Amino acid sequence: MTEILRVEGLTTRFFTDEGQINAVEDVDFRIHEGEIFGIVGESGSGKSVTALSLVDIVEKPGQIVSGRIWLRNPHLADSIRSDNPDAVDGEMVDLRSINPRLRRALRGSAFSMIFQDPMSSFNPSITVGEQIAEAVEVQRRAKANPRSTASRTQGFGLGQFAMATVLPSKRFVTPAGRDRAIELLELVGIPDPAQRAEEYPHQFSGGMLQRAMIAQALASEPDILLADEPTTALDVTIQAQVLELLEEIRDRTNMTILLITHNLGVIARTCDRVGVMYAGEMVERGTLTDIFRDSVHPYTQGLIGSIPQLDQVKGRLQPIPGNVPSLRAAELGDRCYFADRCPKAMKRCLEKPPMFDVDGSEKHRAKCYLAEQPYDEGDALPEDYFDG
Amino acid sequence: MATKTATSDVIPWDKIDMLLRHRTGRVLLAAITALLVYVVLSGTGIGPEETSTRIILSMVVGCLLWAHLVYGAWLVKRELQGLFVIWGVVTVVFFLRFLTPGDPTIALTPPDASTDVREQLARRLGLDEPLYVQYADYIWNLVTLDMGRSLRTQVPVMDLILIRLPATIELAVAATLVAMVIAIPLGVISARRRHKPADYSATLFSLVGISTPNFWLGIMLILYVAVTVDFLPTGGRSIGFAAAWGGLLMEGDFDGISRWFAQLILPAITLGTFFTALLTRLTRSGMLEEIGKAYFKACQAKGLPETIILYKHVLRNTLIPIITVLGLQLGTLIGGAVITEFVFAWPGLGRFLINSIHSRDWMVIQGIIIIIGIGFVVINIAVDAAYAYLDPRVELR
Amino acid sequence: MISARLRRSLKREFRQSRMAQVGALILVVIFITTAFAPFFAPHDPTEQRIGTGTTEDMSYLPPPVFSTTENVTVFEDGERVTREVTTQGNWSFVLGTDRHGRDILSRILYGGRVSLSVGLVGAALAALIGVPWGLAAGFAGGRVDDTLMRWADVMLAFPSLVLAIALVGIFRGTPFHTRAIGDPFVWAANSDFVPNILIPRAGHVAEMPESMTFPVTVTIVVALVNTVWFARVARGEAISVREEDYIKAARSMGTGKLTILRKHVLPNSMTPIIVLATIQVAAIILLESALSYLGFSGISLSWGQDIQRGQSDLRRGWWMATMPGLAIVAAVVAVNLVGDWLRDALDPSIEGEGGV
């Protein structure tokens, strides 16, 4: 399996009036072509900001501070290898070190995003078909004229915009784009796509609109599909349909999908490999079995312990005590961020643990000393250590 | 189910229905009707004598037909509501006039006129009739499009108003254009460069703009601009829209059009400044609100050009609430036009209204108020239609 | 009515916003100088200083630093002589004088009294009529709401300035068009009851005009045409409050409608009404100045009237029309800034800076 995305040390911070917030801190992971990689974590653990950082649309006062985002793109790698050797590694290109204009041009074609709430992620006053056609059009234009795509207006400035309001033939969206949008709607299983393309978002049901959103994401033929909580806003029955659709797309087109969710059930049924995020860090990652059966990090274990399971008759669910910490840099300190909620916290944990390989496998890694040594009760932190 | 009459067999109703459902079909039908009206008007010699007035009249008929085809029952309902509003205003103004002290004939006769002469005049003007008779007469005349005669000059009020109407419309449209052309880009830039110098200067401009009385602004423009720039006159309207553009198009005459432009620019700025400022404010805050919404991120993630995101997606949604506020603020525009005309000696309805109030010419005052009321109702209906056009969630009912 | 939380929010917003500070400062200065105009005005605003042979001609004096030059033709020894006359500004008249030699600064201070009092009284009057109207419509709902609001639509559907001009034009001749109001400071300075030691510059104050003219009809009319805005806002608030659970609870316990209106609905609607009232003060000041400018207000000492006179003297000097206008802009800007501050502080749902 070829590697398609490699994220190294991604760090995104928000510099607000109230202080610095470390939303994403030193995150590493790799995704291979055609796999579904899941990122799981509680709300506020930095999952969504990770996705926004990949696409480079973190709004101010947020800022990507450091890190490298290696994306496989042999064509681009060849063309910039001589000018910018630092940004190229084999067939991989580091999106952080290339020209920002080039990065902007890659937005749709490298990553497409599916957002949590389809109702608010579509513009309410433009037809669904038109919005999908726009995504088609961005890529068509990028292919037809790669140079102009690098500019901020992508060769479609105010002059063209004014002209397009008068001359239909100069519009951004062409009839070919519209036809492709209808095909895409059909692809994601929307009945009567030609009719639905002419309708507005408020005329769709939530599940249908999420399908349309997926169609929009597919429109730009992305290298990686970023699905940020794609099922959270939907009814349970619809959730299953949407997940099935994602899997079906993966199976049919060998699409790579990065699935972000707080729902371990969703992860368990769809993903090949999983990363667990806590307080802006990726604390453990590995294959589905690594995470669900052989997890090392007490946080991962806690997460799994807190899902209800019908086939196992357990006494009661095991909630993780305490709350997600504030991500304000000043309050985080330099320790394992989970130590205050961890049932197996040791004195060692007051020092920040590095990423360890678990069982000598580079594929299963955890940011926890327990990957290296068994729990030592003699070394345990006193229970009231963090209360003071 | 009912027995078909002969006509319904002859006329292909289903085809006409299909035609009317289609956008182009409705436009076509309206255009044909307008043409027909024009041909009939010029063929029979009924109605206005000037060709340009005939063209305008037939175009108005065409537009009305088109609007009714598109908006149907909703438009009729709004028109009835508008009529109610205008009736209310007419009634209030009509009866207020009898609350005012003084005999109107005093103003109309020489100071040394005898009581006899004044009574004669009152009889001739119908002022001796009971109030309700006068009121019923007036309303009936209005229905037959007769607004009576000016008390001073005895010229039909309708004629007096029609002469002055184009000047006012010209000024109002020019001011609105000035406001839109400046304010919308300014608001967009201001929102996009938030907390940067460009934003602060736009905010300051809009603050001062909504706080400046426009009559004073007009005087200042005359004092500091018109006096120093020879090209710009200090007031008046020496050439009309039709003459200026007709001269340019027919005879290639640039002199007329430049005079027209020069006379219009200062009044348009005077009247437009308040609206520019208001629109800048609204656009800025509206854009900021829209930029915070999820679809903005989705547009960025798609890789759309910034032009498309800002002007097609965000601005369109920003315009929806702006249009409502502008509809409510139209009164300010019309009020401002009255003052601007007064400052620049612009021969429009507003200056005429003030002069008529000074000379207590009641018939003219009523007539102008009715015309302004009709204009206001029409624009408000148009605003509602635009609202529904921009926001697909709104249905006109 | 103003809770501690609101007060904190007001303070925080005030500290953070430079604009609010500037606005409040200008407003305080304008308030004090106009309210105590007899103390601050350097001259009697109505005193004319035209040269009569024995007194010096003080008309058309430009502000100090500036000077005007013009050709004056005079008869001298039976001959026409054209001479270039230069008029130099005089530090006694900081903003210059008008055609009758009246001090413009003093006129601005006295004119401000009219504008500000019409603005405040007018907005208060509009709120007093509009708020109960809107609350009643919104809280009663149904047919009452329809009837009351249909009237609001009729009023809203008409240009307020045109309506005001028409109304003022009609009532211009009535005896209650204007009212003279005695100036308490001048009265005190002239009377024997109040020891003059208590009054600073008593001699100066005593020579000021004894009364100011207040435009009654204009105030009523501007209040009437702006009433409908208050009605709309109050109605919206009443409707939203009506649906709250605690109001439903109060109704189910048999609390009278009037009591609910007074105790629950009104206090909850205060915030937007206060903000609206502030903005309305600015709008009314502008409307009053326009009516004065057109000559409908019936008073001769006001900003709008002075601008109109300045316009007819535009060829003799720029300062006569410019200065009163700057005063209007300063006052309205200040009121608007304070309005923005109140809105940002009282209504956190609206993201600040701009918006109507």
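Just so we're clear, the structure is a prediction, and the values are computed from it rather than from any experiment. Throughout, a chain's letter reflects where its sequence line sits, starting with A, and its residues are numbered from 1. What you see below is based on every heavy atom in this structure, not just the backbone, and it leaves out hydrogens, waters and symmetry mates.
- For the pair A:R211 and A:F204, the cation-pi criterion (under 6.0 Å, within 45° of the ring axis) is not fulfilled.
- Here the side chain of A:Q116 pairs no donor or acceptor atom with the backbone of A:T231 at under 3.5 angstrom.
- With a 4.5 Å cut-off on non-hydrogen atoms, A:V136 does not touch chain B at all.
- By number of non-hydrogen pairs under 4.5 angstrom with chain B, the leading residue of A:M213, A:E130, A:Q139 is A:E130.
- For chain B, the nearby part of A:L52 is the side chain; its heavy atoms alone come within less than 4.5 Å.
- Within a 6.0 Å radius of OH in B:Y389, other residues, nucleotides and ligands contribute 12 heavy atoms or fewer.
- Residue A:F161 touches chain B through its side chain alone, counting heavy-atom pairs closer than 4.5 Å.
- Using modelled atom types, one finds a donor on one side chain and an acceptor on the other under 3.5 Å when comparing A:N123 with B:N317.
- Side-chain N/O atoms of B:E170 and B:W260 include a donor and acceptor closer than 3.5 Å.
- Counting heavy-atom pairs closer than 4.5 Å to chain B, the top residue among A:S220, A:P124, A:S112 is A:P124.
- For B:L390, the part sitting under 4.5 Å from any heavy atom of chain A is the backbone (N, CA, C, O) and nothing else.
- For B:R316, the part sitting under 4.5 Å from any heavy atom of chain A is the side chain, from C-beta outward, and nothing else.
- Looking only at heavy-atom pairs under 4.5 Å with chain B, the residue among A:M113, A:M119, A:Q131 that has the most is A:Q131.
- Using bins of under 30°, 30° to 60° and over 60° for the plane-to-plane angle, the ring pair B:H195/B:Y200 lands in the tilted bin.
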